[in-house]
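Working notes, structure below.
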Amino acid sequence: MTVQKRKVLERLRRLPSDIDRNSYLAEVCDNNETLFYALLVENMEYLAPIVYTPTVGQACQEFGYRFRRPRGMYLSALDKGHMHSCIGNWPQRDVQVIVVTDGSRILGLGDLGAYGMGIPIGKLALYCAAGGIAPHRVMPVCLDAGTNNEKLLKDPFYIGLVQKRLRGDAYFELVDEFLDAIRNRFPDAFVQFEDFSSDVIDFLSAAPLCVFNDDIQGTGAVTLAGLFSGLINRGLTPESLKDQRFVIAGAGSAGTGVATAILQGIMKQGLTYGEAVSKFVVVDKDGPLTVDRLGKLTKEQSVFARDDMALGMTLLDVVKQFKPTILMGLSAVGGLFTEEIVREVKVHCPQPFIFPLSNPTANAECSAEDAYRWTEGECIFASGSPFAPVTLPSGRILYPSQCNNMFIFPGIGLAASVLKLKQITDDMLYEASVAVAKSLTDDDRKAGRVYPHVNDIRHVSLNVAVAVGKKGIESGLSKAYDSTDIPHLEEILSSKMYNPTYVPLIKNADQQ
Ligand SMILES: NC(=O)C1=CN([C@@H]2O[C@H](COP(=O)(O)OP(=O)(O)OC[C@H]3O[C@@H](n4cnc5c(N)ncnc54)[C@H](OP(=O)(O)O)[C@@H]3O)[C@@H](O)[C@H]2O)C=CC1
Ligand SMILES: CC(=O)C(=O)O
Ligand SMILES: [Mg+2]
């Protein structure tokens, strides 16, 4: 395979853009899956941004034009009443990890309808390469309930249903039928909901399936991990999380997921609910979440409603009044963190955390270069999509970190599939955060990173799987293993990880 790998890498380097590289890699994957995964495992830093964010965003936007061969299962509203047969027709018999989207909120790009299928494909590529799930055990799914994107409804290449999105009961019946069909054929599968618009996400109680919402739970866990390691880098302890003040711009699935995970993290350090919740201001398009909006907020948002802020306050007003030590963006609004806002944060906190977490890169609330420049290189910076190192005028080089749920979901999927976990609990997610924070190397810390290097993602995923699996077994939530297996968990999980190597079709004489 060595020569094949060199050839593909050389071809990739000669292509003019990342979107061309993304298309070419899709062809490689269609023609030789083992080669594709071997390349991805060995070249994560180079290839993850091509297969995953940010390029996957463009791949979704141009999905119809670039479409060559179907990958994954498309289920549309027209399949209503037939989903059991559709799922029954999936050719692989042992599906363990499913990523499903309805395309209603793809990264920060909005409603991309059936073009959103690029996301389950990209996420599952990481499940296989980083989490070691074998490619024949994963299933990307697009639940096509229509689209409200007018541009797509007029796009001659659009591959989805040309109709407005189903809403209300008709929509939920579609999701229910899908889950029922999965439960019937793959009862032990781990089902990840991905990039569903926040007004329809409420599938986390789809028991008895093991379901996981990556945007809420995975993003919450990975963000908490970066806060722990950032505090340690600052010479503080993880317990000093309770002394921080958070402003979170974006109150959708990701923003509230992050706020909730940090809130739970703080409460583990002994603060009461009231004390912990007072550390947050969560802001949406209309300003901070406040008590006078309570009737209009979701259950998750209502937790963060304040009585000392006013509807309509700008982000700058909020920062001036609240004086955060940590500013996070999950708004999908590129450039939302202006120079004035970031400098204002630094007035009250000399070494703030600036986390513009929206994807893809154009939707990041600010760039690494701006954040470092506006804080004279003093901030801890992490973004959802990767940024290159930044050289300050002084010659000092700063290494931005990538805060992306990619450090969480592959490990959770590995634990869930091997141990046949019945559910993913908050305690497991907390252990996943701690495992990511503990996975940093001395080199990572010396470079000022608060997340591991992406080249280490396979090792990080194994650490996450061990931590999650241990908690799962202790909580009696594994259908396959028990407490006697805990000392051997790392060995058990690593031995089950897929390694992309060629397997001889005919056994050697000495193996027969
Ligand atoms: N780094 C990572 O691992 C992850 C990053 N993300 C990113 O997070 C972003 C948001 O995702 P998600 O929560 O699912 O999306 P949603 O659409 O559910 O939420 C977006 C939120 O941002 C708010 N918003 C819009 N404009 C502004 C503004 N000017 N100021 C403050 N808030 C604003 C919206 O308010 P309103 O409701 O009033 O419109 C809404 O609350 C996406 O870009 C996504 O790529 C998501 C998951 C993981
Ligand atoms: C990373 C991710 O899940 C998102 O941007 O939606
Ligand atoms: Mg997502």
Side-chain angles (χ1 to χ4, degrees), residues 48-49 52-54 56-57 60 99-112 116 118-120 122-124 126-127 192-201 212-226 247-261 281-289 293 296-298 300-301 304 311-319 327-338 341 355-365 382-387 400-410 436 451 454:
Y52 185 56
T53 188
V56 72
C60 288
V99 177
V100 55
T101 189
D102 70 350
S104 51
R105 191 282 292 154
I106 294 298
L107 305 177
L109 303 170
D111 181 352
L112 294 185
I119 287 292
K123 291 263 173 186
L124 283 166
L126 291 188
Y127 267 106
Q192 172 171 320
F193 283 90
E194 188 67 43
D195 289 5
F196 279 70
S197 143
S198 44
D199 57 339
V200 294
I201 39 164
F212 172 66
N213 188 306
D214 185 34
D215 296 299
I216 302 172
Q217 298 170 292
T219 316
V222 79
T223 307
L224 187 60
V247 167
I248 301 178
S253 41
T256 51
V258 165
T260 306
V281 182
V282 182
V283 179
D284 71 5
K285 195 165 79 256
D286 301 318
L289 304 184
R293 300 172 66 185
K296 296 189 188 123
L297 302 179
T298 63
E300 292 75 19
Q301 291 172 328
F304 299 97
L311 178 66
M313 278 172 83
T314 64
L315 187 56
L316 180 61
D317 294 337
V318 169
V319 164
L327 176 66
M328 298 185 184
L330 294 134
S331 66
V333 181
L336 182 68
F337 295 169
T338 59
I341 290 173
F355 278 26
L357 301 183
S358 293
N359 297 312
T361 314
N363 294 66
E365 285 77 6
S383 53
S385 300
F387 277 96
S401 297
Q402 187 174 3
C403 170
N404 192 294
N405 46 34
M406 70 202 273
F407 285 115
I408 298 286
F409 66 76
V436 171
Y451 287 93
V454 70

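Order of listing sets the numbers, starting from 1, for every ligand and every atom in it. Note that the coordinates shown come from a computational prediction; the quantities given were computed from them, not determined experimentally. Both backbone and side-chain heavy atoms feed into the values below; hydrogens, waters and symmetry mates do not.
Of all atoms in ligand 2, numbered sequentially from 1 with element shown, those under 4.0 Å from a heavy atom of Asp215 are 2 (C), 3 (O), 4 (C), 6 (O). Remark: ligand 1 atoms within the under-4.0 Å shell around heavy atoms of Asp215 are 46 (C), 47 (C). The Leu107 neighbourhood of ligand 2 comprises atoms 4 (C), 5 (O), 6 (O), with distances under 4.0 Å to a heavy atom of that residue. Heavy-atom contacts of Tyr52 reach the following atoms of ligand 2: 1 (C) (cutoff under 4.0 Å). Close contacts of ligand 2 with Asp195, meaning ligand atoms under 4.0 Å from a residue heavy atom, involve 6 (O). Interface atoms of ligand 1 facing Val283, defined by a heavy-atom separation under 4.0 Å, are 31 (C), 32 (N).
Using a 4.0 Å cut-off between heavy atoms, Phe409 makes no contact with ligand 2 at all. Only the side chain of Arg105 comes within 4.0 Å of ligand 1, counting heavy atoms alone; its backbone N, CA, C and O stay farther away. Contact annotation for Arg105 and ligand 2: only side-chain heavy atoms (C-beta onward) come within less than 4.0 Å of the ligand. Using a 4.0 Å cut-off between heavy atoms, Lys123 contacts ligand 2 through its side chain alone, with no backbone atom that close. Of the heavy atoms in Asn404, only side-chain atoms (C-beta onward) come closer than 4.0 Å to ligand 2. Residue Cys403 touches ligand 1 through its backbone alone, judged by heavy-atom distances below 4.0 Å. Residue Asn405 touches ligand 2 through its side chain alone, judged by heavy-atom distances below 4.0 Å.
For Ser331 (side chain) and Gly250 (main-chain N/O), no donor-acceptor pair under 3.5 Å exists by modelled atom type. At distances below 3.5 Å, at least one donor-acceptor pair connects side-chain atoms of Asp215 with backbone N or O atoms of Asp195. Formation of a donor-acceptor pair under 3.5 Å by the Glu194 side chain with backbone atoms of Asp214 is not found in this model. A donor-acceptor distance shorter than 3.5 angstrom exists from the side chain of Tyr451 to the backbone of Val222, with no hydrogens or angles considered.
As for Glu194, its N/O/S atom nearest the Mg ion (ligand 3) is the one called OE2. If you look at Asp195 and ask which of its N, O or S atoms sits nearest the Mg ion (ligand 3), the answer is OD1. Here the N, O or S atom of Asp215 that is nearest to the Mg ion (ligand 3) is OD1.
Taking any N or O of Gln301, backbone or side chain, none lies under 3.5 Å from an N or O belonging to ligand 1. Considering backbone and side-chain N/O atoms, Ser253 comes within less than 3.5 Å of an N/O atom of ligand 1. Considering backbone and side-chain atoms together, Ala251 places an N or O closer than 3.5 Å to an N or O of ligand 1.
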Applying side-chain contact (heavy atoms from CB on, under 4.5 Å) to Leu107 and Val56, what does each step give before you reach the verdict?
CA-CA 9 Å; Leu107 305 177; Val56 72; 4.1 Å; yes

Let's go through Val454 and Met406 carefully: what are the C-alpha distance in whole Å and the side-chain angles of both, what is the deciding distance for side-chain contact (heavy atoms from CB on, under 4.5 Å) to 0.1 Å, and is it a yes or a no?
CA-CA 9 Å; Val454 70; Met406 70 202 273; 3.5 Å; yes

Which is it for Arg105 and Ser253 under the side-chain contact (heavy atoms from CB on, under 4.5 Å) test, yes or no, and what are the steps along the way?
CA-CA 10 Å; Arg105 191 282 292 154; Ser253 41; 4.1 Å; yes

One pair to check against side-chain contact (heavy atoms from CB on, under 4.5 Å): Asp286 and Arg293. What are the steps and the verdict?
CA-CA 10 Å; Asp286 301 318; Arg293 300 172 66 185; 3.8 Å; yes

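Here the heavy atom of the protein found nearest to atom 9 (C) of ligand 1 is Ser358 OG, 3.6 Å. For atom 48 (C) of ligand 1, the closest heavy atom belonging to the protein is Thr219 OG1, 3.0 Å. The nearest heavy-atom contact from the protein to atom 24 (N) of ligand 1 is Lys285 N, 3.8 Å. Nearest non-hydrogen protein atom to atom 18 (O) of ligand 1 is Ser198 OG, 2.9 Å. The closest protein non-hydrogen atom to atom 20 (C) of ligand 1 is Leu330 O, 3.9 Å. Scanning the protein for heavy atoms near atom 5 (C) of ligand 1, the closest one is Leu357 O, 3.1 Å. Of all protein heavy atoms, the one closest to atom 3 (O) of ligand 1 is Asn405 N, 3.0 Å. The protein heavy-atom contact nearest to atom 5 (O) of ligand 2 is Asn359 ND2, 2.7 Å. Regarding atom 23 (C) of ligand 1, its nearest protein heavy-atom neighbour is Gly250 CA, 3.9 Å.
For the ligand labelled ligand 1, residue Asn363 lies outside the 4.0 Å heavy-atom shell. The shortest heavy-atom distance from Val222 to ligand 1 is not under 4.0 Å.
For the atom pair CG of Asn405 and SG of Cys403, the computed distance is 8.5 Å after rounding to the nearest 0.5 Å. Atoms OG1 and CZ, from Thr223 and Phe407 in turn, are 12.0 Å apart once rounded to the nearest 0.5 Å. Here the CD1-CD distance, from Ile408 to Gln217, works out to 11.0 Å after rounding to the nearest 0.5 Å. Between atom CZ of residue Phe337 and atom CG of residue Leu315 there is a gap of 6.5 Å, rounded to the nearest 0.5 Å. We find the CG-CG distance between Leu357 and Asn363 to be 12.5 Å, quoted to the nearest 0.5 Å. The OG1 atom of Thr219 lies 8.0 Å from the CG atom of Asn213; values are rounded to the nearest 0.5 Å.
Put simply, atom 13 (O) of ligand 1 has protein non-hydrogen atoms near it, under 4.0 Å away.
Ring-plane geometry between Phe409 and Tyr52 is classed as perpendicular, the angle between the planes exceeding 60 degrees on a 0 to 90 degree scale with a lower cut at 30.
Side-chain contact between Thr53 and Gln402 is present, with heavy atoms from C-beta onward closer than 4.5 Å. Between Ser358 and Val333 the shortest side-chain heavy-atom distance does not fall below 4.5 Å. Considering only heavy atoms from C-beta on, Thr260 comes within 4.5 Å of Phe304 through its side chain.
Looking at Ala254, Gly252, Ser331, Gly334 and measuring to atom 40 (C) of ligand 1, the nearest heavy atom belongs to Gly252. Nearest residue to atom 26 (N) of ligand 1 from Ile408, Leu336, Val333 is Val333 (criterion: closest heavy atom). When the options Asn404, Asn359, Ile106 are ranked by their closest heavy atom to atom 43 (O) of ligand 1, first place goes to Asn359.
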